[in-house]
Amino acid sequence: MIENRPGLNLLAHLTLMLGVAIVALPVWVAFVASTHTATDFMSGTIPLWPGPYLVENYARMLDAGVSTSGTPPVGTMMLNSLVMALLIACGKIAISITSAFAIVYFRFPLRNLAFWCIFITLMLPVEVRIVPTFQVVADLGLLDSYAGLSIPLIASATATFLFRQVFLTIPDELTEAARIDGAGPMKFFRDILLPLSRTNIAALFVILFIYGWNQYLWPLLITTSSDYYTIVAGIKRMADAVDGLPQWHLVMATAMLAMLPPVAVVIGMQRLFVKGLVETEK
Amino acid sequence: MASIILDKVGKIYAGGTRAVGDVSIDIRDGEFIVLVGPSGCGKSTLLRMVAGLESISEGTVRIGDRVVNDIEPADRDIAMVFQNYALYPHMSVRQNLAYGLKNRGTPRADIDRRVADAAAILQIGPYLDRKPRALSGGQRQRVAMGRAIVREPAAFLFDEPLSNLDAKLRVTMRLEIKDLQRRLRTTSIYVTHDQLEAMTLADRLVVLNGGRIEQIGTPLDVYRRPASTFVAGFIGSPAMNLIPSRAVPNLPGTAHAGIVGIRPEDLAVDPSGPIALDVIAVEELGAQRLVHGRTNGEMLTVTMPAGDAVPDRLQLACRPGATHLFHAETGQRID
């Protein structure tokens, strides 16, 4: 903005505050709910200020879980989610950066076809191919395993495309200089490409970690053993109380806990994340 | 240290386009060769073929006593300086210099010594631990040259290394490159489109046009006896006047030629001179001025000392023996 009028500033700030309020209110309500007992929420009025049961509720969730819904303690589910999200994020990055490397730097027959095949898979997210994918995973005996949770989600056209664009911005002279300097393809990849895509890798990691963490349908489908429940799918199972009222205070406490790792990743990698999305100069 | 011999080298691209044809150059050990020509003349392609970055479609390239046609760039024992420097942005200057040596398995102590030597020669010692982005254009240029020097290669290849610098820095760096090459005595091939750079740097010039060699010779040879109208018009600033001989009927000894070439500085005002010039425009350059005009309908440029006002009509004489005669159709020199 070039204009600098106080009225305009005020309006801008009000709009932003309203936006924040809209986004933050449900989170606040969830937090408040997680600090009360179950009955407080069934009484008709929703409390808007935290109650006294914060420590008790969270300790119970972390320690034991809700036995009535058959879910393990939150700690186990968080660990499962973490393993899945990390496997998905790292796997996606590793696979897509190497395929982008192949597509950009090697002249092999049907190179363009290969690229477009990868690109077309954008049209086939898990939800579309869920039945055949389930069949494949079941036949391979991967149900109830970390491999089953992550491998079907690892291929990524978006990330391949992103790395392709990043590699295309790296000047040809740099590649040629490396060739003259005696760097073979793999050395070039390790010494030049990887460090130059560092910020992009970080940005992508943040996005993919959250994507992996938020997986709901797939883990719900292929995990039957509570040892492999993930937190997001677990919340759903908790809310499905079979004989009785859902224990909202505990569900909300779990939801609050489930939010923490993605938030930590975003905050921890904020600087690199923004740089990776904004920076264009190589 | 090595000679480089190009024998009937040609480049044909996949689409069938011919970029370079029938180029033979015999570059002696320690010689500074400048490939010069307008953009698109194939000079960069030729250099990249010597470097191994482009495949060689025809002919052979020898570096030292090896034919290098099928040898990888890294194994050709050459170092290249690129137009945009091509420094690795994530490495410090020191790492940039050392990278090629490290890849070749040079011992650590040896690398340190060579990097220190190169840094001393190029006066980039204080910047060794900076990243390229923290350096100015001239400093980056020095680092790019340093990367070539540390390798102690058989030949340096320069691809328009000064064209990203401002005019003043270009002159300084030009001198430094010349001085460096004189001290190291490394065979060098230098590509430029700037004829002034070509003249000042070269031991021998190779003037290229349309993928073919127009002339090879020392800068003064090329300047004094251009082999064709193309070379005549390209080398020298302001450019040589090239006019049909019928436009200067009174000039002695030119009647049989199709095209007469006269350098602007070889013309002088002389009331009894054979050429009458109708002045159109005057460009003041400070110490001298360029006078543009027409004689018998043909454009002609004259260099004159700065001074009094220029009249509308001038009589000019040509310095004896300073005319260049060319064939009307082929443009080849005939005298």
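Labels below follow one simple rule: chain letters A, B, ... track the order of the sequence lines, proteins then strands, and each chain is numbered from 1.
- Looking at heavy atoms from C-beta onward, A/R198 lies out of side-chain contact with B/H90 at the 4.5 angstrom threshold.
- Surrounding CG of B/D65 are at most 12 heavy atoms belonging to other residues, nucleotides or ligands under 6.0 Å away.
- Heavy atoms closer than 4.5 Å to chain A are found nowhere in B/Q83, neither backbone nor side chain.
- The two residues A/G182 and B/A74 make their nearest non-hydrogen contact at CA-CB, 3.4 Å.
- The shortest non-hydrogen separation linking B/M91 to A/D191 is CE-O, 4.0 Å.
- The most heavy-atom pairs under 4.5 Å with chain B, out of A/T175, A/D172, A/I192, come from A/I192.
- Closest approach of A/A183 to B/Y99, counting heavy atoms only: CB-OH, 3.5 Å.
- If you measure heavy-atom distances from B/F82 to chain A, the contacts under 4.5 Å come from the side chain alone.
- Contact annotation for B/I78: both backbone and side-chain heavy atoms come within less than 4.5 Å of a heavy atom of chain A.
- Distance check: A/R179 CZ to B/N103 CG gives 14.0 Å after rounding to the nearest 0.5 Å.
- A salt bridge links B/R151 with A/D181: the distance from a Lys NZ or Arg NE/NH1/NH2 to an Asp or Glu carboxylate oxygen falls below 4.0 Å.
- Under a cut-off of 6.0 angstrom, the local environment of CZ in B/R108 is sparse, with at most 12 non-hydrogen atoms contributed by other residues, nucleotides or ligands.
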Exercise for the section: List the steps, then state whether side chain to side chain contact (heavy atoms under 4.5 Å, CB included) holds for B/R76 with A/I180. Expected result: CA-CA 9 Å; B/R76 290 192 183 192; A/I180 291 179; over 6 Å; no

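- The number of heavy atoms from other shown groups lying within 6.0 Å of CZ (B/R104) is above 12.
- Remark: B/K178 NZ is packed, more than 12 non-hydrogen atoms of other residues, nucleotides or ligands lying under 6.0 Å away.
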